[in-house]
Undergrad: 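What follows is a structure written as structure tokens; I'll ask about it next.
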Amino acid sequence: MLGSISLFALLATFTSATAIPTKRWPAPSPALSLNQWDQAMFDVSMQIGDWSWEPSTGWIESDDDNGHTSSRFTSWYVPGLLHRNATGDLENAIWAIENVISVQFDNAEWIGQPWYWDYKQASDIPAPNNQTYPASIYNTYDPNWAFFIGLQFVQIVSEFEEMLPPTLVESMVNSTYKAARMLMTRVGYDGDNLVTAYSNPAIGRAIVVEWVGDRLNDANLTAAGNQYAQDIYDLFTANGYNTLGEYNVPTYYGIDVLGLCSWIRYAPSGSKLPGYGQYILQNLWADIAEHYNYNLKNMVGPYDRVYHRNMLIDDSIISLFFWLLIGRENAPVAPIGMESTTYDLREGVAFALVGQTLRDNVNASTVARLTEYPTEDREFTRYIRVSLHNDTTRVNTAWINENVMAGGQQVAEEVSRGSQFTPMIAHWKSGNTSMASRPFVSFFQQYDTTTSYNNTVTANHITVSYPNTTQSGTDMFMFLIGDIPAPFYAAGEIMHGFDNLPCLSVNITSQGLNGTVDYGDYCDFSIQSNCMYPVTYYVDPDFKGTPTMEFDLTYTC
């Protein structure tokens with residue numbers, strides 16, 4: 001930590017010495033405008049923000065960030081106030097900005113700490129301390145707040161500077177400068193995990209650092225922002241794969257898209273970011289379209305990170321960008337009243353304001369695919385590089401049918417990716433509703449218990465196996481079955497693993513198992529408040545080969 005302390009101390013000396021230029025930027029191009037889909041999202045997002053705004057304190061109230069307020073939710077509300085500009089909106093926006101800046105960790109006592117120049121998650125929580133709130137990354141402090149709020153300040157100043165007092169703009173730029181310097185100290189080790197393959201904060205960092213560098217005529221920051229973007233582009237295009245290091249992540253793809261639109265819309269003249277952003281955005285959406293099943297209104301797995309497995313029931317942030325591209329009636333969105341949707345729509349204003357930039361930079365042929373029913377089976381393979389410094393590659397295979405789809409990953413690592421990692425998952429249409437466009441969709445997935453998998457998917461067939469049985473967690477195969485529809489229970493059915501799934505027959509063969517199957521009770525296991533049925537198969541401890549399970553799938557409805 002001595003190196004980081006020295007760096008923080010050095011950075012601290014720059015704050016007072018850096019002059020804020022008085023120049024004003026020209027309005028972004030294209031000019032800010034909202035079409036009907038943008039406006040609909042904007043209006044819903046603002047209604048959620050208005051309901052949460054506390055007029056006695058100037059904060060968005062929320063219990064999601066360890067306290068009763070939220071600094072990022074408050075920053076996300078501000079551009080909506082400025083764009084709407086109704087009675088009292090400007091005054092509230094100024095108040096909210098001042099509040100957010102006030103919770104930046106910029107006291108000298110925090111120099112050398114990893115949260116120095118980050119922002120508190122909430123105004124009514126303590127700073128990390130050894131007595132009552134021990135420092136814990138992503139818990140008592142979250143270094144991604146610096147890019148969440150920094151990116152929002154970039155948007156606010158770029159779009160609405162002329163509405164704001166010059167002294168406040170100066171404070172925002174200065175705060176963004178601090179956030180950028182904090183983000184530059186994140187090097188991917190010594191307790192931090194921001195590497196180029198951690199795509200969503202890496203993309204956000206690039207624009208925040210370069211934008212404020214250009215704003216302050218700081219060539220070092222401008223060069224750093226360009227280099228971050230270069231690294232992201234180089235990793236994306238490595239070996240011609242055109243895949244992000246944080247791959248097939250329906251929630252975080254949404255943050256990626258916001259960041260890439262910001263590259264295109266807010267990067268300064270002469271920057272590499274707009275060109276790289278256009279290329280990545282176009283190819284990212286082409287890949288999303290390849291993964292998307294319009295009949296099931298879901299993206300096929302496997303997922304590097306996922307909170308929710310069924311977009312018809314729980315929102316994923318990328319769902320909101322489908323809304324901006326094809327309209328809500330055609331998009332894979334959950335009801336607005338769902339907790340997950342309400343949560344994500346808090347940032348809906350920021351998304352709506354870049355809606356036209358998104359549509360201008362995604363190919364029309366790609367957008368058209370988002371409303372096409374799959375009439376033929378398709379299988380595809382994707383390769384994902386994890387670093388520019390080695391050629392380690394993960395392999396995803398996927399199959400999409402009109403009514404069934406599945407995907408699996410081949411990966412060999414030493415550290416578990418955690419509960420968000422979904423190394424194999426299958427979705428299927430498990431029944432009809434009164435709307436043909438919104439069927440019942442169920443899924444089963446392999447739960448992440450180890451660090452190396454050899455999971456492959458072909459048409460109607462899934463193979464899961466453990467190539468390295470020296471690793472912990474390879475003594476079992478654990479699966480979760482979720483979103484079994486109401487008609488199944490109304491018919492008096494009782495779930496028994498894979499034996500009686502609605503509309504899907506699953507034939508299992510295996511090698512290396514001891515014959516024991518543990519059928520867990522409903523809600524023995526839950527992820528993001530979604531109750532599931534766990535089913536566990538155990539490996540024979542005397543087996544010397546590669547434990548393997550094979551699933552043959554037949555759609556029966």
Undergrad: We want to know whether Asp315 and His308 form a side-chain donor-acceptor pair, criterion being a heavy-atom distance below 3.5 angstrom.
TA: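 Side chains of Asp315 and His308: no pair found under 3.5 Å.
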
Undergrad: Using a strict cut-off of less than 4.0 Å between a Lys/Arg side-chain nitrogen and an Asp/Glu carboxylate oxygen, indicate whether Arg84 and Asp43 qualify as a salt bridge.
TA: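 Looking at Asp43 together with Arg84, the answer is no, because their closest N to O distance does not fall below 4.0 Å.
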
Undergrad: List the steps and the verdict of side chain to side chain contact (heavy atoms under 4.5 Å, CB included) for Leu281 and Leu358.
TA: CA-CA 8 Å; Leu281 193 65; Leu358 172 67; 4.3 Å; yes

Undergrad: Assess, by modelled atom type and distance only, whether the side chains of Asn310 and Asn298 contain a donor and an acceptor separated by less than 3.5 Å.
TA: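 There is such a pair (donor and acceptor under 3.5 Å, judged by atom type) between the side chains of Asn310 and Asn298.
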
Undergrad: Applying the ring pair (Phe, Tyr, Trp, His ring centres under 6.0 Å) test to His291, which of Tyr253, Phe380, Trp399, Tyr303 qualifies?
TA: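 That would be Phe380.
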
Undergrad: Under a plain distance cut-off of 3.5 Å, with no hydrogens placed, do Asn200 and Glu246 share a side-chain donor-acceptor pair?
TA: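 Their side chains do contain a donor-acceptor pair, which is all the 3.5 Å distance test asks for.
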
Undergrad: Run the numbers on Ser340 and Asp314 for side-chain hydrogen bond (donor to acceptor under 3.5 Å, both in side chains), then give the verdict.
TA: CA-CA 6 Å; Ser340 57; Asp314 280 300; 3.2 Å; yes

Undergrad: How far apart are the C-alpha atoms of Leu260 and Leu284, what are their side-chain angles, what is the distance that settles it, and do they pass the side chain to side chain contact (heavy atoms under 4.5 Å, CB included) test?
TA: CA-CA 10 Å; Leu260 293 168; Leu284 173 63; 4.2 Å; yes

Undergrad: side-chain hydrogen bond (donor to acceptor under 3.5 Å, both in side chains), that's the test. Do Gln104 and Ser175 meet it? Break it down for me.
TA: CA-CA 8 Å; Gln104 192 165 29; Ser175 179; 2.7 Å; yes

Undergrad: Is a side-chain donor-acceptor pair under 3.5 Å present for Arg346 with Ser52?
TA: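 Yes.
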
Undergrad: Take Trp53 and Tyr77, measure what ring pair (Phe, Tyr, Trp, His ring centres under 6.0 Å) needs, and give me the verdict at the end.
TA: CA-CA 9 Å; Trp53 173 256; Tyr77 181 54; 5.6 Å; yes

Undergrad: Are Trp76 and Val349 packed together at the side-chain level, in the sense that at least one heavy-atom pair is separated by less than 4.5 angstrom?
TA: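 Side-chain contact under 4.5 Å: no.
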
Undergrad: Given Tyr252, which partner from the list Tyr307, Tyr198, Tyr247 fulfils the ring pair (Phe, Tyr, Trp, His ring centres under 6.0 Å) test?
TA: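 Single ring pair (Phe, Tyr, Trp, His ring centres under 6.0 Å) partner of Tyr252 among Tyr307, Tyr198, Tyr247: Tyr307.
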
Undergrad: Checking side-chain hydrogen bond (donor to acceptor under 3.5 Å, both in side chains) for the pair Asn363/Ser365: CA distance, chi angles, key distance, verdict?
TA: CA-CA 5 Å; Asn363 294 333; Ser365 58; 5.0 Å; no

Undergrad: Please determine if Asp483 and Arg309 form a salt bridge, counting it only when a charged side-chain N lies under 4.0 Å from a carboxylate O.
TA: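 Between Arg309 and Asp483 there is no salt bridge, as every charged N stays at least 4.0 Å from the carboxylate O atoms.
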
Undergrad: Scan Val208, Ile203, Ile156, Thr176 and name whichever one has a side-chain contact (heavy atoms from CB on, under 4.5 Å) with Leu151.
TA: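 With Leu151 as partner, side-chain contact (heavy atoms from CB on, under 4.5 Å) holds for just one option, Val208.
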
Undergrad: Could you give me the CA-CA distance, side-chain angles and deciding distance for Leu353 and His83, then say whether side chain to side chain contact (heavy atoms under 4.5 Å, CB included) is met?
TA: CA-CA 9 Å; Leu353 295 182; His83 180 72; 4.3 Å; yes

Undergrad: Using the ring centroid of each side chain, check whether Phe351 and Trp37 are separated by less than 6.0 Å.
TA: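 When the ring centroids of Phe351 and Trp37 are compared, they turn out to be at least 6.0 Å apart.
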
Undergrad: Taking side chain to side chain donor-acceptor pair (under 3.5 Å) as the cut-off, I'd like each qualifying pair that reaches into residues 319-334, sequence neighbours left out, listed once.
TA: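 For residues 319-334, and leaving out neighbouring residues, the side chain to side chain donor-acceptor pair (under 3.5 Å) pairs sorted by first residue read Tyr294-Asn330.
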
Undergrad: Between Asp65 and Arg72, is there a side-chain N and carboxylate O pair less than 4.0 Å apart?
TA: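 Looking at Arg72 together with Asp65, the answer is yes, because their closest N to O distance falls below 4.0 Å.
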
Undergrad: So, Asn455 versus Gln409: side-chain donor-acceptor pair below 3.5 Å or not?
TA: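 Not at all, the side chains of Asn455 and Gln409 share no donor-acceptor pair under 3.5 Å.
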
Undergrad: Apply the test side-chain hydrogen bond (donor to acceptor under 3.5 Å, both in side chains) to residues Arg186 and Asn144: give CA-CA distance (whole Å), side-chain angles for both, the deciding distance (0.1 Å), then the verdict.
TA: CA-CA 10 Å; Arg186 299 192 64 188; Asn144 287 340; 2.9 Å; yes

Undergrad: Does Phe551 have its ring centroid less than 6.0 Å away from the ring centroid of Phe444?
TA: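 Between Phe551 and Phe444, the centre distance is under 6.0 Å.
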
Undergrad: Quick test of your reading of the model: are Asp38 and Arg359 salt-bridged, counting only N-O distances below 4.0 Å?
TA: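 Yes.
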
Undergrad: For the ring pair (Phe, Tyr, Trp, His ring centres under 6.0 Å) test, which of Phe479, Tyr519, Phe443, Tyr522 pairs with Tyr533?
TA: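 Only one of Phe479, Tyr519, Phe443, Tyr522 forms a ring pair (Phe, Tyr, Trp, His ring centres under 6.0 Å) with Tyr533, namely Tyr522.
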
Undergrad: Parallel, tilted or perpendicular: which one describes the rings of Tyr141 and Trp115, with boundaries at 30° and 60°?
TA: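 Tilted.
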
Undergrad: Check the angle between the aromatic planes of Phe73 and Tyr343 and answer parallel, tilted or perpendicular using the 30° and 60° thresholds.
TA: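 If you compare the ring of Phe73 with that of Tyr343, the planes turn out perpendicular.
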
Undergrad: Please determine whether side chain to side chain contact (heavy atoms under 4.5 Å, CB included) holds for the pair Val306 and Val249, giving the CA-CA distance in whole Å, both sets of side-chain angles, and the decisive distance to 0.1 Å.
TA: CA-CA 6 Å; Val306 66; Val249 284; over 6 Å; no

Undergrad: Is the CD atom of Glu54 crowded by more than 12 outside heavy atoms at less than 6.0 Å?
TA: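 Check passes, neighbour count above 12.
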
Undergrad: In terms of side-chain geometry, is the basic nitrogen of Arg265 or Glu159 positioned less than 4.0 Å from the acidic oxygen of its partner?
TA: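 The answer is yes: the pair qualifies as a salt bridge.
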
Undergrad: Compute whether any side-chain donor of one residue and acceptor of the other, for Tyr292 and Arg369, lie under 3.5 angstrom apart.
TA: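 Checked: Tyr292/Arg369 side chains show no N/O donor-acceptor pair below 3.5 Å.
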
